[in-house]
Amino acid sequence: MLELPYLRAERADAEQRLSKRNIDAKSLVDKALALDEERRSSQNDLDGQQAELNNLSRSIGELMKAGRKEEAEAARARTSDLKATIQQLRDRMDAADQGLHEHLCTIPNAPLPVVPNGRSADDNTVVTQEGALPELPADAKPHWELGEAYGLLHMDLGVKLTGAGFPVYSGAGAKLQRALISFFLDRAIEAGYREIIPPHLVNEDSAFGTGQLPDKEGQMYTFEEEGKRLFLIPTAEVPITNLYRDMILEQDQLPIKMVGYTPCFRREAGSYGKDVRGLNRVHQFDKVEIVRIEHPDRSPAALEEMVEHVKGLLRALELPFRQLLLCGGDMGFSSAMTYDMEVYAGAQKRWLEVSSISTFTTYQSNRLKLRYRAEDKKPRLAHTLNGSALALARIVAALLENNQTPEGIRVPVALRPYTGFEMIRS
RNA sequence: GGAGAGGUGGCAGAGCGGUCGAAUGCGGCGGUCUUGAAAACCGUUGUGCCCGCAAGGGUACCGGGGGUUCGAAUCCCUCCCUCUCCGCCA
């Protein structure tokens with residue numbers, strides 16, 4: 001969540017930036033500050049009364065020790081009123097505190113100044129586009145037909161086993177998945193990221209820490225286990241970032257760069273139509289995710305580095321891609337700035353999002369209580385960032401479509417050491 | 001699943017219900033000494049929130065929650081977690 005000191009000190013800035021999300025920023029901020037005011041004043045009162053009681057208790061102890069029983073009794077008699085008011089003040093303070101916290105949870109991150117205004121995906125800015133679009137014959141097949149024809153991908157078997165949107169890969173299709181995962185991991189490790197294999201199930205604290213709760217609750221698969229709610233991870237971001245929940249890092253530990261491969265589970269309720277054909281949108285997909293914990297001064301540069309890393313992957317895969325800067329209306333709840341990377345799927349003739357690279361500034365770290373010790377030795381909130389590098393299902397879709405030839409499906413050169421084959425044949 | 005032990009500051013480890021945010025040791029930081037380093041010695045060393053320009057003051061926190069009490073790290077209840085042994089098992 002947003003930092004209270006920021007809201008207090010830079011109210012106008014907060015409102016202006018939040019309004020890029022096309023929400024009623026003023027009333028959100030007003031309410032936060034009103035609740036904050038109430039909380040502070042009630043704590044002030046409470047602390048004062050509590051201090052009085054503490055003093056009284058201390059003196060009772062001293063009087064007892066000195067054997068001045070009657071005075072002690074007199075003092076004790078005076079405590080009951082105090083205790084009653086303290087209880088009232090505590091209730092008031094707790095209510096204010098909880099109300100404030102709940103309200104802050106509903107406020108999304110404030111977009112950075114460079115984030116453009118806009119309502120929807122149509123308003124995103126194309127930053128760069130690279131690589132020639134494939135020129136495919138008129139009868140080029142979409143990936144779901146290719147996957148079926150070459151025995152790589154079986155959406156129908158997924159339906160049989162689980163339900164719609166749970167693909168089954170087999171043969172060269174399975175090998176291709178594994179090759180991509182290894183390739184992405186190796187490239188990230190070369191770039192200095194430490195590989196993590198996290199749990200695929202997280203608890204509520206973790207889901208809250210990265211901002212999935214309470215905002216995106218409906219998008220996660222969830223179930224109860226002995227009274228505790230657990231969530232299937234929608235992205236490796238959740239467990240990996242939460243590794244550093246509740247920590248104070250020394251400055252020389254920064255940056256922390258981690259990479260992890262996990263399957264990702266998303267309910268994607270309400271999706272339909274051509275958008276969800278084949279691998280375009282599925283409930284389970286594989287993804288290699290890079291996560292960074294950075295000093296605030298370094299995070300803008302880190303974001304650009306991550307973009308460059310992803311571009312390198314896309315170039316190596318010989319996929320035409322473009323980089324979008326998301327507008328305020330299309331950004332995720334916790335993000336302060338997001339680039340999306342899209343690849344062109346030649347048969348469908350459409351761009352598919354394969355990576356989302358974001359900086360969360362202190363929004364996540366504030367929830368995570370993830371801090372570093374600054375020059376003045378005081379703990380400060382670190383910045384967190386993450387990006388897909390990359391999400392597999394749609395990459396596979398584009399690879400199959402763009403590389404189809406009469407002889408088979410060509411495997412990009414960079415991937416061949418991992419697949420062990422240059423061409424997928426029927 | 002059965003039986004037992006325990007959860008205290010970065011770590012180790014004390015703590016008769018009263019001045020304990022908490023002894024002591026280690027580690028860390030600063031200093032003295034030294035050509036330098038080590039050793040030794042001295043000092044310092046948790047986090048959140050509130051008030052304050054600051055110095056500083058207040059308050060909360062000894063696994064979580066609740067209770068008893070004028071007062072709880074210390075007593076009671078409850079939940080969670082860790083460890084050991086047995087069983088089961090990829």
Side-chain angles (χ1 to χ4, degrees), chain A residues 1-10 32-105 197 199-209 224-231 239 242-254 256 362-382:
Chain A
M1 21 192 186
L2 291 174
E3 295 176 77
L4 233 13
Y6 164 69
L7 290 177
R8 282 184 210 136
E10 314 214 30
L33 290 174
L35 288 166
D36 176 49
E37 187 54 45
E38 160 66 8
R39 195 195 105 257
R40 284 195 289 163
S41 85
S42 58
Q43 185 182 340
N44 233 331
D45 296 347
L46 173 63
D47 282 0
Q49 295 299 299
Q50 187 61 252
E52 213 169 294
L53 180 63
N54 287 347
N55 282 330
L56 206 49
S57 295
R58 206 167 298 135
S59 69
I60 291 172
E62 282 160 8
L63 290 168
M64 299 281 272
K65 204 168 281 180
R68 294 150 72 179
K69 277 237 166 99
E70 286 180 22
E71 288 170 77
E73 280 305 323
R76 186 183 300 185
R78 281 193 283 139
T79 62
S80 69
D81 277 357
L82 249 188
K83 285 179 74 176
T85 34
I86 283 173
Q87 190 53 52
Q88 281 178 6
L89 288 170
R90 187 176 303 285
D91 290 346
R92 185 180 139 208
M93 146 87 173
D94 286 347
D97 199 38
Q98 196 188 332
L100 175 61
H101 183 260
E102 280 168 11
H103 178 64
L104 283 177
C105 284
I197 300 181
H200 300 167
L201 233 38
V202 295
N203 60 26
E204 287 193 49
D205 285 347
S206 297
F208 175 78
E224 293 247 339
E225 171 71 14
E226 293 173 355
K228 280 189 299 190
R229 281 204 304 168
L230 294 177
F231 302 87
N242 270 280
L243 290 172
Y244 286 86
R245 166 149 47 90
D246 236 338
M247 281 208 194
I248 302 175
L249 301 166
E250 293 306 323
Q251 232 177 106
D252 58 15
Q253 292 178 262
L254 299 176
I256 288 171
T362 58
Y363 193 87
Q364 289 183 331
S365 59
N366 194 207
R367 292 176 163 218
L368 293 161
K369 302 201 190 334
L370 196 188
R371 293 161 293 172
Y372 70 97
R373 207 168 285 286
E375 282 79 3
D376 60 5
K377 301 297 173 199
K378 285 186 184 152
R380 294 270 158 70
L381 294 173

In residues 362-369 of chain A, which ones come under 4.0 Å of RNA chain B, going by heavy atoms? none
Using heavy atoms to find the nearest nucleotide of RNA chain B for A:D36 and A:G48 separately, return the residue whose nucleotide is more 5′. A:D36
Given B:G58, B:U47, B:G71, identify the nucleotide with an atom nearest to the side chain of A:R373. B:U47
Paired with B:G48: which nucleotide, if any, by Watson-Crick or G-U wobble criteria at under 3.5 Å for both distances? B:U59
Atom P, compared across B:G63 and B:C53: separation rounded to whole Å: 37 Å
Can you tell me which nucleotide in B:G48, B:U59, B:G18 comes closest to the side chain of A:D47? B:U59
When you compare B:C29 with B:A22, how far apart are their P atoms, in angstrom units rounded to a whole number? 23 Å
If I pick the P atom on B:U69 and the same atom on B:A14, what distance separates them, to the nearest angstrom? 32 Å
Partner nucleotide of B:G4 by Watson-Crick or wobble geometry (both distances under 3.5 Å): B:C83
Counting only Watson-Crick or G-U wobble pairs whose two distances fall under 3.5 Å, which nucleotide matches B:A72? none
Would you classify A:S57 as touching base, sugar-phosphate or nothing, given that sugar-phosphate means primed atoms plus P, OP1 and OP2, and contacts are heavy atoms under 4.0 Å? base
Which value, in whole Å, describes the distance between the C1' atoms of nucleotides B:U47 and B:G43? 23 Å
Taking B:G71 as the reference, what is the distance to B:C80 when you measure between their P atoms (whole Å, please)? 29 Å
Need the pair for B:C88. Rule: Watson-Crick or G-U wobble, both distances under 3.5 Å, any strand; none if unpaired. none
Quick one: salt bridge (charged side-chain N to carboxylate O under 4.0 Å, His left out) pairs with a partner in residues 49-61 of chain A, sequence neighbours left out? none
Residues in ring pair (Phe, Tyr, Trp, His ring centres under 6.0 Å) with A:H103, at least two apart? none
Close N or O pairs between protein and nucleotides 60-66 of chain B (under 3.5 Å):
none

Indicate the atoms forming the closest heavy-atom contact of A:Y244 with A:I256, along with that distance. CE2-CD1, 3.3 Å
Under 4.0 Å, counting only non-hydrogen atoms across every strand here, what does A:L56 touch: a base, just sugar-phosphate, or nothing? nothing
Is it true that A:R40 and A:D36 have a side-chain N and a carboxylate O under 4.0 angstrom from each other? yes
If B:U19 has a Watson-Crick or G-U wobble mate with both distances under 3.5 Å, name it; if not, just say none. none
I need the A:K83 NZ to A:Q50 CD distance, nearest 0.5 Å. 10.5 Å
When you check the phosphate oxygens OP1 and OP2 of B:C49, does a side-chain N or O of A:R39 lie under 4.0 Å from one of them? no
Measure across A:R367 and A:C105 and return the closest heavy-atom pair with its distance rounded to 0.1 Å. NH2-O, 3.7 Å
Quote, to the nearest angstrom, the P distance that separates B:G13 from B:U84. 15 Å
Can you pull out the residues from residues 81-89 of chain A that lie within a 4.0 Å heavy-atom distance of RNA chain B? A:K83
Quantified in whole Å, what is the C1' atom distance between nucleotide B:G15 and nucleotide B:C85? 30 Å
Quickly work out the A:D45 CG to B:G58 P distance and round it to whole Å. 18 Å
Re B:G30: Watson-Crick or G-U wobble partner, both distances kept under 3.5 Å, found to be B:C42
Expressed in whole Å, how much space separates the P atoms belonging to B:A37 and B:G31? 11 Å
Tell which nucleotide pairs with B:U24, taking only Watson-Crick or G-U wobble pairs whose two distances are both under 3.5 angstrom. B:A12
Can you give me the closest heavy-atom contact between A:I60 and A:A75, atom names plus distance? CG1-CB, 3.7 Å
Please tell me if A:R8 has a side-chain N or O lying less than 4.0 Å from either OP1 or OP2 of B:C50. yes
Ranking B:U59, B:C49, B:U47 by distance to the side chain of A:P379, first place goes to B:U47
Does B:G48 have OP1 or OP2 sitting under 4.0 Å from an N or O in the side chain of A:R371? yes
A:F231: ring pair (Phe, Tyr, Trp, His ring centres under 6.0 Å) partners, not counting sequence neighbours: none
Between atom CD of A:Q49 and atom CG of A:L89, what is the distance when rounded to the nearest 0.5 Å? 6.0 Å
Between atom CD1 in A:I248 and atom P in B:G28, what is the gap in whole Å? 19 Å
